[in-house]
Each structure stands twice: as structure tokens, then as C-alpha cells.
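Take a look at the structure set out below.
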Amino acid sequence: MKKVLKIMCLYPNEMNIYGDHGNLLTLQKRAEWHGFATEYIQHEPGRKLDVTADIILGGGGQDSGQDKVKNDLLKNGAALRKMAAAGTPMLVICGLYQLFGHYFETNAGHHIDGIGVFDAWTKAGPVRLIGNIVTETELGEIVGYENHSGLTHLGKNQAAFGRVVRGAGNTGADGTEGARVYNVFGSYLHGPILPKNPRLADELIHLAAIKKFGEFTPAEIDDTVALKAHDVATSRPR
Ligand code: GLN
């Protein structure tokens with residue numbers, strides 16, 4: 001019997017743009033290559049949150065999508081904060097990254113409360129920050145594509161996920177990109193992020209496997225194509 005990793009997507013109907021769905025496909029495939037079976041859990045507003053999920057993914061969305069999911073997210077905020085503190089690996093992109101902070105205030109001055117997993121807050125700026133982005137993180141170089149109005153400010157003790165090498169990142173000014181707390185990664189990078197950055201995908205699988213089974217023996221995966229995609233992405237114009 002293969003060991004099972006349960007992968008949950010938060011709000012894939014409302015929060016899923018610029019290819020974010022590819023993060024799920026990448027995790028499913030790589031978990032399989034590492035010898036696991038996977039179970040997919042789709043969390044939609046109004047459903048009971050499955051707190052047995054081993055990895056949680058969340059994508060980006062329009063301001064209106066963020067508004068649609070906010071009540072359900074707030075309802076489940078305490079449970080998600082508890083899972084985060086217990087070490088459940090999570091990857092939240094752009095719109096949900098913003099709502100894993102304290103709040104997002106849109107261009108129209110609309111205030112959308114977040115769940116405060118990250119000590120961070122976001123306010124829409126005067127221009128959208130759009131284009132290919134390259135960052136440097138503890139997991140090496142991470143590449144992707146950003147498109148956001150929100151400028152995210154990190155609290156004094158909040159660690160960023162990475163530093164911007166080329167592109168805008170959290171504010172377009174402070175050189176930081178994303179946030180990390182426990183095993184929760186927040187990032188502005190779409191693209192999607194995981195296929196071109198297999199090390200981050202494997203880190204999520206590694207963290208989930210250690211938490212659930214106490215061990216992880218990675219398989220040898222031929223990443224020639226993924227790494228080529230990574231390299232091509234770094235050379236694309238902004
Ligand atoms: N609506 C948010 C913003 O514009 C998030 C965008 C996104 O998820 N790409 O900042």
C-alpha cells in the first residue's frame with residue numbers, strides 16, 4: 001500500500017489565475033514520482049474544511065474573487081492558523097497570499113480582512129506590477145510571473161520568502177518577495193510557480209512527508225525539462 005498525501009486546494013473556482021492550477025498538477029505528479037499516492041480535496045466556500053489535509057495550495061484572483069471567498073476564509077481562519085502552527089506545508093499565491101496576511105485594501109478603498117497567518121498587510125498601489133520576476137530564496141533561484149495591484153508590507157519580524165533579483169515583488173521598493181512562517185510560503189509568483197521551480201515543489205512534499213510519516217526518501221527525478229523551463233523564464237524580458 002502506498003503512503004497517501006492529501007493535497008487540498010482552497011477555492012480553485014474563485015482563486016486560480018495565470019496557471020495556478022498547474023501547482024496542483026505538479027505536486028500530484030512529483031508526489032507520485034516520489035512513491036506516494038495522492039488524494040485531492042477541493043475546498044469551496046460553505047464546505048467543511050478538511051483539517052486532515054497534508055498540503056494546502058491557494059491561488060490568485062481578482063479583487064472580486066477575494067471578496068467572494070473572504071467570509072469562508074475568515075470562518076476557517078482559526079483552523080488554518082492552527083494547521084500552520086502544527087507544521088502543515090502550504091503555498092499561497094498572490095490573492096490568497098494577501099488574505100493570509102491581515103487585510104487587503106483594494107483600489108476602490110474596499111477593505112477585505114485576512115486571517116493573519118503572516119504578519120503582513122496589503123494596500124493597492126497606483127499602478128499594477130506586471131511581468132516576469134526572478135527572486136533568490138533559501139531554496140535557490142525562484143522564477144515566475146507577477147500581476148498585482150496590492151503592495152504587501154511585512155511586519156518587523158515577518159520573514160520574506162525571497163529577495164527580488166528582477167521584478168517588483170511585495171512592494172516594488174523594499175526588495176522583498178513573499179513571506180514565510182512555519183512551513184507556509186506566500187508568494188506573488190504565478191506562472192505557475194511549481195513546474196518551473198521543482199525544488200519548491202519537492203520541499204512541500206518533503207515537509208508533508210516528514211510531518212506525516214517521519215521520513216522522506218526522495219526519488220531521482222529527471223528535471224531536464226523543468227530546469228530548462230526555469231532557465232528560459234529567467235531570460236524572458238520583464
Ligand atoms: N487582486 C489582487 C491584486 O490585484 C490579487 C491579484 C492576483 O492574485 N494576481 O493585487
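Taking CD1 from I55 and CG from L91, the interatomic distance works out to 10.0 Å, rounded to the nearest 0.5 Å. Taking CG of N76 as the reference point, atom CG of L74 lies at 9.5 Å (rounded to 0.5 Å). One distance of note links CG of L139 with CG of N197; it measures 9.5 Å at 0.5 Å rounding. Once rounded to the nearest 0.5 Å, the distance linking CG of L57 with CG of L204 reads 7.0 Å. With values rounded to the nearest 0.5 angstrom, R180 atom CZ is found 9.5 Å from T137 atom OG1. If you take OG1 on T234 and CD1 on I133, they are separated by 13.0 Å, rounding to the nearest 0.5 Å.
No donor-acceptor distance shorter than 3.5 angstrom exists from the side chain of T122 to the backbone of G150, with no hydrogens or angles considered. Of the possible polar contacts, none joining the R236 side chain to the G131 backbone as a donor-acceptor pair under 3.5 Å is found. No donor-acceptor distance shorter than 3.5 angstrom exists from the side chain of Q158 to the backbone of A120, with no hydrogens or angles considered. In this structure, N147 contributes its side chain and I130 its backbone to no donor-acceptor pair below 3.5 Å. Judged purely by atom type and a 3.5 angstrom limit, N16 uses its side chain to pair as donor or acceptor with the backbone of P12. Judged by distance alone, the side chain of T176 and the main-chain N or O of R163 form no donor-acceptor pair under 3.5 Å. Side chain of D20 to main chain of P192: no donor-acceptor pair is present (N/O by atom type, distance under 3.5 Å, no hydrogens or angles).
Using a 30° and 60° split on the angle between ring planes, Y145 and Y18 fall in the perpendicular class, above 60°. Using cut-offs of 30° and 60° for the angle between ring planes, the F216 and H34 rings count as perpendicular.
Note on Y182 and F100: same hydrophobic cluster, where clusters join Ile, Leu, Val, Met, Phe, Trp and Tyr whose side-chain heavy atoms are under 4.5 Å apart, directly or indirectly. Cluster annotation: Y103 and L73 are assigned to distinct hydrophobic clusters (Ile/Leu/Val/Met/Phe/Trp/Tyr, side-chain heavy-atom contacts under 4.5 Å, transitive). A continuous path of hydrophobic side-chain contacts links I115 to M8 [ILVMFWY only; heavy atoms under 4.5 Å]. No continuous path of ILVMFWY side-chain contacts below 4.5 Å connects L25 to W33, so the two sit in separate hydrophobic clusters. Cluster membership check: L129 does not share its hydrophobic cluster with I17, using side-chain heavy-atom separations under 4.5 Å among Ile, Leu, Val, Met, Phe, Trp and Tyr.
Comment: E141 does not engage K196 in a salt bridge, judged by the lack of any side-chain N to carboxylate O separation of less than 4.0 angstrom. A salt bridge does not link K6 with D54: none of the charged nitrogens is closer than 4.0 Å to a carboxylate oxygen.
Among residues at least two apart or in separate chains, there is no ring pair (Phe, Tyr, Trp, His ring centres under 6.0 Å) pair with a member in residues 61-92. For residues 56-72, the salt bridge (charged side-chain N to carboxylate O under 4.0 Å, His left out) pairs, not counting sequence neighbours, are D67-K70, D72-K75.
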Expected list for residues 35-42: side-chain donor-acceptor pairs under 3.5 angstrom, two or more places apart:
| residue | atom | partner | partner atom | Å |
| --- | --- | --- | --- | --- |
| Q42 | NE2 | E44 | OE2 | 3.0 |

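Counting only N and O atoms by type, the side chains of D119 and H102 include a donor and acceptor under 3.5 Å apart. In this model, a donor atom of one side chain and an acceptor atom of the other lie less than 3.5 Å apart for Y188 and Q98. Side-chain contact of N23 with T26: a donor-acceptor pair under 3.5 Å is absent, judged by distance alone.
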Exercise for the section: Decide yes or no on side chain to side chain contact (heavy atoms under 4.5 Å, CB included) for C9 and H43, but give the supporting numbers first. Expected result: CA-CA 6 Å; C9 280; H43 180 76; over 6 Å; no
Problem - Full working for side chain to side chain contact (heavy atoms under 4.5 Å, CB included) between L10 and L49 - result: CA-CA 9 Å; L10 294 174; L49 186 82; 4.2 Å; yes
Practice task
Decide yes or no on salt bridge (Lys or Arg N to Asp or Glu O under 4.0 Å) for R238 and E146, but give the supporting numbers first.
Solution key: CA-CA 10 Å; R238 166 93 177 148; E146 61 183 325; 2.7 Å; yes
Practice task
Apply the test side chain to side chain contact (heavy atoms under 4.5 Å, CB included) to residues I205 and R30: give CA-CA distance (whole Å), side-chain angles for both, the deciding distance (0.1 Å), then the verdict.
Solution key: CA-CA 8 Å; I205 294 166; R30 295 189 76 88; 3.7 Å; yes
Handout entry: Worked verdict on L207 versus T88 for side chain to side chain contact (heavy atoms under 4.5 Å, CB included)
Key = CA-CA 8 Å; L207 291 166; T88 302; over 6 Å; no
Practice task
Let me see the working for R199 and E138 under salt bridge (Lys or Arg N to Asp or Glu O under 4.0 Å), right down to the final yes or no.
Solution key: CA-CA 10 Å; R199 196 157 160 210; E138 280 177 11; over 6 Å; no
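Using a 4.5 Å cut-off on side-chain heavy atoms (C-beta onward), L194 and L27 make contact. Between V69 and M15, the closest side-chain pair of non-hydrogen atoms falls below 4.5 Å. Counting heavy atoms from C-beta outward, N132 and V143 have side chains that stay 4.5 Å or more apart. In this structure, N13 and Y11 have side chains that are not in contact, with every pair of non-hydrogen atoms separated by 4.5 Å or more. Inter-residue side-chain proximity for P45 and E14 is flagged as met; some heavy-atom pair is nearer than 4.5 Å. Between S187 and E177, the closest side-chain pair of non-hydrogen atoms falls below 4.5 Å.
Minimum heavy-atom separation, A226 to P195: CB-O, 3.5 Å. Closest of all the heavy-atom pairs between P198 and L227 is CG-CD2, 4.1 Å. The minimum heavy-atom distance between G178 and L154, with the atom names listed, is O-CD1, 3.8 Å. Between I193 and L189, the shortest heavy-atom contact is CB-O, 3.5 Å. Nearest heavy-atom pair across M83 and I56 is CE-CD1, 3.8 Å. Across all non-hydrogen atoms, the minimal contact from G169 to V164 is CA-CG2, 3.9 Å.
Within 6.0 Å of NZ on K82 lie no more than 12 heavy atoms contributed by other residues, nucleotides or ligands.
Note: F185 and Y97 fail the aromatic proximity criterion, with ring centroids not under 6.0 Å apart.
The side-chain contact (heavy atoms from CB on, under 4.5 Å) test with V117 singles out one residue from L99, V181, V92, and that residue is V181.
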